[in-house]
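Here's the structure we're looking at; comments come further down.
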Amino acid sequence: AGATLELTHDRGGAARIAWCGARIVSGGSRGEVVFWDAVSGERHAAPGGLVEDVVAVDCDAAAGVAVGVDAHGRAQVWDLQTGSARCGLQAGAGLVVARLSPGRERLLTATRGGPGHLWDVRSCRARMTFGTDGEALTDADLSDDGAVLATGYAGGTVRLQSVADDRTL
């Protein structure tokens with residue numbers, strides 16, 4: 001028979017979840033983010049930095065980073081092992097995407113009305129800005145190697161851009 005492991009947030013609310021090797025990162029109400037041990041269910045860390053309900057979490061076990069974004073678009077980047085804050089940034093309200101690129105230590109954020117940003121999580125500086133033409137962004141993702149950015153728009157357009165030189169492919 002299988003076993004069920006139940007992890008509960010102190011502040012309740014709908015959980016956002018990301019699996020990171022031996023850790024699970026989850027976000028809930030009023031900025032609560034918890035790092036859990038994926039086997040025992042034990043709380044590993046409960047880092048701070050967010051205030052509003054958490055709308056997205058992501059992590060990259062290879063890079064050792066986790067990120068959480070709250071409803072006001074504030075993003076916090078943490079060290080996955082210790083829970084200590086690396087940096088905070090303002091991603092923008094109306095977030096539709098918040099995800100880390102695998103092993104690249106970059107955070108991709110996009111808001112409904114634009115713009116979107118590709119952030120360096122070491123410096124918390126925007127490396128690239130996109131979706132500034134006013135067309136409503138609906139999604140964004142990076143290729144597995146992090147070289148190409150794909151953006152989707154409400155009008156049905158999908159754009160591919162080179163991350164290295166920001167040119168449309």
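Source: prediction; values computed, not measured.
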Do the non-hydrogen side-chain atoms of [X] and [Y] ever get within less than 4.5 Å of each other?
{"X": "Thr157", "Y": "Glu135", "value": "yes"}
{"X": "Leu169", "Y": "Val148", "value": "yes"}
{"X": "Leu118", "Y": "Val163", "value": "yes"}
{"X": "Val69", "Y": "Arg74", "value": "no"}
{"X": "Arg112", "Y": "Leu137", "value": "no"}

Would you say [Y] ends up clustered with [X] if hydrophobic residues are merged whenever their side chains have heavy atoms under 4.5 Å apart, either directly or through other cluster members?
{"X": "Val34", "Y": "Ile24", "result": "yes"}
{"X": "Phe130", "Y": "Val97", "result": "yes"}
{"X": "Val96", "Y": "Val67", "result": "no"}
{"X": "Trp19", "Y": "Trp36", "result": "yes"}
{"X": "Leu80", "Y": "Trp78", "result": "yes"}

- Message: I'd like to know whether Glu32 forms a salt bridge (Lys or Arg N to Asp or Glu O under 4.0 Å) with Arg43, so could you lay out the CA-CA distance, the side-chain angles of the two residues, the decisive distance to 0.1 Å, and finally the verdict.
- Response: CA-CA 13 Å; Glu32 184 184 27; Arg43 281 178 182 246; 3.8 Å; yes
Look up atom [atom1] in [X] and atom [atom2] in [Y], then write down how far apart they are to the nearest 0.5 Å.
{"X": "Gln76", "Y": "Cys124", "atom1": "CD", "atom2": "SG", "answer": "7.5 Å"}
{"X": "Ser101", "Y": "Asp60", "atom1": "OG", "atom2": "CG", "answer": "7.0 Å"}
{"X": "Gln161", "Y": "Met128", "atom1": "CD", "atom2": "CE", "answer": "4.0 Å"}
{"X": "Thr109", "Y": "Leu95", "atom1": "OG1", "atom2": "CG", "answer": "6.5 Å"}
{"X": "Trp119", "Y": "Cys87", "atom1": "CH2", "atom2": "SG", "answer": "9.5 Å"}

- Task: Output yes when Arg99 and Asp139 qualify as a salt bridge under the 4.0 Å nitrogen-oxygen rule, no when they do not.
- Result: yes
- Message: Please determine whether a side-chain nitrogen of the Lys or Arg among Arg23 and Glu42 lies less than 4.0 Å from a carboxylate oxygen of the Asp or Glu.
- Response: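 So Arg23 does not pair with Glu42 through a salt bridge.
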- Of the options Leu100, Leu107, Leu108, which is the one that meets Asp58 in a side-chain contact (heavy atoms from CB on, under 4.5 Å)?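 Only one option passes, and that is Leu100.
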- Query: Is Arg159 positioned over the aromatic face of Tyr153, cation under 6.0 angstrom from the ring centre and no more than 45 degrees off axis?
  - Reply: yes
- Step by step, work out the salt bridge (Lys or Arg N to Asp or Glu O under 4.0 Å) result for Arg106 and Asp120. CA-CA 5 Å; Arg106 295 181 192 159; Asp120 178 320; over 6 Å; no
- List the steps, then state whether side-chain contact (heavy atoms from CB on, under 4.5 Å) holds for Ile17 with Val25. CA-CA 6 Å; Ile17 303 163; Val25 176; over 6 Å; no
- Task: Answer yes if the side chains of Thr129 and His117 hold a donor-acceptor pair under 3.5 Å, and no otherwise.
- Result: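 Present: a donor and an acceptor within the cut-off.
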